[in-house]
Protein chains: 2
Amino acid sequence: MTEELAAAPVRRDRRAERRAATVREILDAAWRLADERGLTGWPLKDVADAVGMRTPSLYVYFASKNDLYDAMFADGYRRLLERAEATPRNGTPREVLHRAAHVFVDFCAEDPARFQLLFLRTLPGFEPSEQSYALALEPLTLIAEILAAAGGGDAATLDLYTALLTGLASQQISNDPGGDRWRRLIDTAVDRILPPS
Amino acid sequence: MTEELAAAPVRRDRRAERRAATVREILDAAWRLADERGLTGWPLKDVADAVGMRTPSLYVYFASKNDLYDAMFADGYRRLLERAEATPRNGTPREVLHRAAHVFVDFCAEDPARFQLLFLRTLPGFEPSEQSYALALEPLTLIAEILAAAGGGDAATLDLYTALLTGLASQQISNDPGGDRWRRLIDTAVDRILPPS
DNA sequence: GTCTATAAATGGATAGAC
DNA sequence: GTCTATCCATTTATAGAC
């Protein structure tokens, strides 16, 4: 990593920085609307209003509404990866697995619209781009590692595990939003789903 | 049940029969469109076309599109109940539980749009009516009985069980449509989720 | 109960000036 | 990069004749 030590100043691209900041503003506004009215329950005009623009100006940053959804998809998985990487790995493998399961289910349950976009295939006509889809695979690798360390290294247990956690999240969101009726079952569920030793 | 033995002929209401048949036609057309284009991916005009009507005529049978969704919601749960009641109850309690789990997951996976309407709360602005919601509770009662007979009579195991099955269905639909990557895990999953005896 | 006609609003997207 | 102006298509829903 010689860059960190190099004396040569990095030439900042102020134009690119400004553009990235605007893109972030638009994404935040879109997430907020999705949270309030559902993933599809808002027109682009409301995004524009939220960031103080007119609708056509949004097209400078996103080619279409689907393109905005694609950016949200990528953004969501980046956030999940961050959250996963920030999760402490100390303690027994079983403890780490429990911790990771809570992190995941909480991540899903705290934003139903994001859960829908990232894990359910429910948006009519939307397919993530190749680049965005590639991002979606990274958190899965992390989960597989943690699960394997706790004795669930086989493919079937991994699939069982993802089904279980998305199922807990989905039930929590659909049938007890804001509560913990399914979240409180996470540890029990994880323990039962591991292969008998 | 004296009605069944009574000689008095039942006075048929031909008008009501015809109306019910038309309602059924409309529902079938709507399900077909939902299957092809997603739960929300079609306008009422296409339903009308499919049944050989003009759009305004649909309003004779349904007060609004939401009202049509509500009828689909009720129809879906009625179908699920039928399917559940038609499932043989012979064999050991564990065998019956496995069988019921397959019936449920297959029911979900065979029609993603229906799964979305019945089990995910993903349709912006839609809430089932009280009557329709009441129907949704009946299959759950059946499931609870079968699960209890197999040793999962506690509330936590029932919640775990519904999360597990909807999770398997959801993963199957989202990540391996038409395949059996998650469906083939049903028996293992059910065995592991039962409380240790 | 079905139709024509139309309201009334929505909402994604583009053209072109500044 | 942002704007005004506008297009154009869609879509739910209603009024009222037959």
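Proteins come first, then strands; the chains are lettered A, B, ... in the order of their sequence lines, and each starts at number 1.
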Engineer: What is the separation between atom CZ on Arg54(A) and atom P on dG12(C), rounded to the nearest whole Å?
Structural biologist: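 Rounded to whole Å, this separation is 17 Å.
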Engineer: Across the strands shown, which category fits Thr55(A) at heavy-atom distances under 4.0 angstrom: base, sugar-phosphate, nothing?
Structural biologist: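 No contact.
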Engineer: Across the strands shown, which category fits Thr22(A) at heavy-atom distances under 4.0 angstrom: base, sugar-phosphate, nothing?
Structural biologist: nothing
Engineer: Is it true that Arg24(A) and Asp28(A) have a side-chain N and a carboxylate O under 4.0 angstrom from each other?
Structural biologist: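 Counted as a salt bridge, because a side-chain N and a carboxylate O are separated by less than 4.0 Å.
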Engineer: Measure CG/Leu68(A) against P/dG12(C) and give the value in whole Å, please.
Structural biologist: 10 Å
Engineer: What's the closest nucleotide to the side chain of Pro56(B) if the choices are dA5(D), dA5(C), dG12(C)?
Structural biologist: dA5(C)
Engineer: Between atom CZ in Phe62(A) and atom C1' in dG1(D), what is the gap in whole Å?
Structural biologist: 15 Å
Engineer: What orientation do Tyr69(A) and Trp42(A) show, parallel under 30°, tilted 30 to 60°, or perpendicular over 60°?
Structural biologist: tilted
Engineer: Do NZ/NE/NH1/NH2 and the carboxylate oxygens of Arg89(B) and Glu145(B) come within less than 4.0 Å?
Structural biologist: yes
Engineer: Expressed in angstrom and rounded to an integer, what is the separation of Leu44(A) atom CG from dA13(C) atom P?
Structural biologist: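 It works out to 7 Å between those atoms.
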Engineer: Check the phosphate of dG1(C) against Ser57(B), side-chain N and O only, distance under 4.0 Å to OP1 or OP2. Yes or no?
Structural biologist: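 Ser57(B) to dG1(C) OP1/OP2: no side-chain N or O under 4.0 Å.
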Engineer: Given atom CD of Glu25(B) and atom P of dT2(C), what is their separation to the nearest angstrom?
Structural biologist: 10 Å
Engineer: Report yes if at least one side-chain N or O of Tyr61(B) is closer than 4.0 Å to OP1 or OP2 of dT2(C); otherwise report no.
Structural biologist: yes
Engineer: Please state how far atom CG in Asp46(A) lies from atom P in dG11(C), giving the value in whole angstrom units.
Structural biologist: 8 Å
Engineer: Just how far, in rounded Å, is P of dT4(D) from CG of Leu58(A)?
Structural biologist: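 Spelled out: CG on Leu58(A) to P on dT4(D) is 13 Å.
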Engineer: Distance from Asp106(A) atom CG to Asp111(A) atom CG, nearest 0.5 Å?
Structural biologist: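 The CG atom of Asp111(A) is 12.5 Å from CG of Asp106(A), to the nearest 0.5 Å.
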Engineer: Verify the contact: side-chain N or O of Lys45(A) to OP1 or OP2 of dG11(C), cut-off strictly under 4.0 Å; return yes or no.
Structural biologist: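 No, outside the criterion.
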Engineer: Taking atom types as modelled and ignoring hydrogens, do the side chains of Ser64(A) and Asp67(A) form a donor-acceptor contact shorter than 3.5 angstrom?
Structural biologist: no
Engineer: Which nucleotide in the list dT2(C), dG12(C), dA13(D) gets nearest to the side chain of Lys65(A)?
Structural biologist: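 So the side chain of Lys65(A) is nearest to dG12(C).
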Engineer: Provide, to the nearest angstrom, the distance between the OH atom belonging to Tyr59(B) and the P atom belonging to dT12(D).
Structural biologist: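 Taking OH of Tyr59(B) and P of dT12(D), I get 6 Å after rounding.
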